[in-house]
Amino acid sequence: MPANRKLLVLAGDGIGPEAMRQVLRVVDWFDKRRAVRFEVTEDLVGGAAIDKHGTPLTDETMGRALSADAVLLGAVGGPKWDDLPFAKKPERGLLRLRKELDLFANLRPAVVFDPLVDASSLKPELVRGLDLMIVRELTGGVYFGSPRGIETLPGGGRRGINTQVYTDEEIRRVARVGFELARRRRNKVTSVEKANVMESGVLWREEVQALRDRDYADVELEHMYADNCAMQLVRKPKQFDVIVTDNLFGDLLSDCAAMLTGSLGMLPSASLGAADAGGRRRALYEPVHGTAPDIAGKDIANPLATLLSFAMLLRYSFDLADDADFIEGAVEDVLAGGFRTADIMGPGLRQVSTTAMGDEILKALDRRAA
Ligand code: NAD
């Protein structure tokens, strides 16, 4: 069994380290029980790195991230560092990682675990069994395009400017990620833009269609306007398999899809970069939630979003789909057993601490392995 899978663990701030501790127990379990070995390096990011080194991400840590096969991150930030100048804030550490790893595709699954079906704001029949994936372009579009800024007009008024801009190559590389994912899932891609009112949307649609016709003719492709997609997500979300969209629409639609599942403490994510000559993709995995300063240090945070991020890491960085299924199955078992952290607690269920949730996950893994 290869032991040289290099994993950089950056637990970060707030509830990051508490949640990560439970995940590292699972990493250890995989090492001992499934002979899935990692060379784990732990390091600092965000406020924790500022406190120790005076910077949210040292060059050494950045170097470790660049040479790792995958990075697993907790979360960064908190009130302690809120007053720092923008360039020194904990979030800069995360932004530097994303930028220097060139992570252009953000994957946000929206999966409804059956025992949590009532946590959704939609009717159970609309979301039971939901399993969709949003692929958001992460490094281009209106958040980065120029010209940008706020200018003063001759008459004294002001004008704010941002520019939506995409090249054909930027569109193709993120669409490719979507098509590849669809092949491992239910083989359907919905490409989302506003080609009715935006030229960048016209280009998006043409490029995605041409790529599909050339390289992915086996994958079903449909095009949808972003406003309709938002509506369809809350009307009939199970029609989707993989949604591929730009940075701005992806930002909005992935949050909308997240709430179909009802609970921030359950949502993982992955950000992928380009594949190198050997097929290795730079990748960073992290829960969607932040550092939850209101509950940090109390051993009550939900560690499952971080654990499910680790499952994504197994699936997408190491092609260990069976092992990822194993973790997701254990999560389902624990939820079905009625164990809940405070954030997903309901009547008649058993409220457990972060650590106790880790205990239950390990027991469920043991049962599945028996
Ligand atoms: P948040 O996600 O940290 O918390 C929002 C609410 O959800 C809080 O009430 C919190 O207690 C709860 N919550 C979040 N995760 C939970 C979990 N795993 N278990 C139980 N409850 C959970 O968002 P926020 O309050 O807007 O931000 C707090 C800090 O986190 C800020 O400094 C912000 O900048 C940072 N942040 C970081 C990231 C990141 O590192 N990627 C993302 C979002 C926010």
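Computed from heavy atoms alone, side chains included, the values below leave out hydrogens, waters and symmetry copies. When a ligand or atom number is given, it counts from 1 through the structure's own listing order.
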Criterion side chain to side chain contact (heavy atoms under 4.5 Å, CB included) on I243 and L233, from CA distance to verdict: CA-CA 11 Å; I243 293 173; L233 273 174; 4.2 Å; yes
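- The environment of R214 atom CZ is dense: over 12 non-hydrogen atoms of other residues, nucleotides or ligands sit within 6.0 angstrom.
- Of all heavy-atom pairs spanning L132 and P237, the tightest one is CD2-O, 3.7 Å.
- Comparing T291, L94, N302 against atom 17 (C) of ligand 1, the shortest heavy-atom distance belongs to N302.
- Of the N or O atoms in G290, one or more lie within a sub-3.5 Å distance of an N or O in ligand 1.
- Side-chain atoms of E193 and I171, non-hydrogen and from C-beta on, never get closer than 4.5 Å to each other.
- Residue-ligand proximity, D343 to ligand 1, at heavy-atom distances under 4.0 Å covers atoms 19 (N), 20 (C), 21 (N).
- Ring geometry, F38 versus F310: the interplanar angle exceeds 60°, so the pair is classed perpendicular (tilted spans 30 to 60°).
- Of all atoms in ligand 1, listed by their number and element, those nearer than 4.0 Å to a heavy atom of G78 are 32 (O).
- For atom 6 (C) of ligand 1, the closest non-hydrogen atom of the protein is L264 CD2, 4.3 Å.
- Below 4.0 Å from some heavy atom of A75 lie the following atoms of ligand 1, by number and element: 40 (O).
- By heavy-atom distance, the residue among I295, V76, V45 lying nearest atom 22 (C) of ligand 1 is I295.
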Go through the steps for R176 and D215 under the test side chain to side chain contact (heavy atoms under 4.5 Å, CB included), then give the verdict. CA-CA 9 Å; R176 205 172 274 288; D215 293 346; 3.3 Å; yes
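- Near G77, meaning under 4.0 Å from any of its heavy atoms, are these atoms of ligand 1: 32 (O).
- At a heavy-atom distance under 4.0 Å, no atom of D82 approaches ligand 1.
- Side-chain contact between F326 and R33: absent, with no pair of heavy atoms (C-beta onward) separated by less than 4.5 Å.
- Considering backbone and side-chain atoms alike, D294 places an N or O below 3.5 Å from some N or O of ligand 1.
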I'd like to know whether V208 forms a side chain to side chain contact (heavy atoms under 4.5 Å, CB included) with V244, so could you lay out the CA-CA distance, the side-chain angles of the two residues, the decisive distance to 0.1 Å, and finally the verdict. CA-CA 9 Å; V208 174; V244 180; 5.7 Å; no
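- Between the side chains of T55 and T58, not a single donor N or O lies within less than 3.5 Å of an accepting N or O.
- The distance from ligand 1 to the heavy atoms of I15 drops below 4.0 Å at these ligand atoms: 15 (N), 16 (C), 17 (C), 18 (N).
- For ligand 1, the atoms lying closer than 4.0 Å to a non-hydrogen atom of H289 are 2 (O), 14 (C), 15 (N), 18 (N), 42 (C).
- Checked against a 3.5 angstrom limit, the closest N/O atoms of G74 and ligand 1 fall outside it.
- Nearest approach of M133 to L181, heavy atoms of both residues: CG-CD1, 4.1 Å.
- With atom 33 (C) of ligand 1 as the reference point, the heavy atom nearest to it among M357, E91, R98 is part of E91.
- Every atom of ligand 1 with a heavy atom of E286 under 4.0 Å away is listed here by number and element: 41 (N).
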Full working for side chain to side chain contact (heavy atoms under 4.5 Å, CB included) between R34 and D323: CA-CA 9 Å; R34 305 262 294 182; D323 298 285; 2.9 Å; yes
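- There is no protein heavy atom less than 4.0 angstrom from atom 24 (P) of ligand 1.
- Results of the side-chain contact (heavy atoms from CB on, under 4.5 Å) test with L130 over V112, V111, V117 single out V112 as the only residue that passes.
- In this structure, A301 has a heavy atom closer than 4.0 Å to ligand 1.
- Inside a 4.0 Å radius of atom 27 (O) of ligand 1 there is not any protein heavy atom.
- Scanning the protein heavy atoms around atom 4 (O) of ligand 1, the nearest turns out to be A292 CA, 4.2 Å.
- Of the heavy atoms in A305, none comes closer than 4.0 Å to ligand 1.
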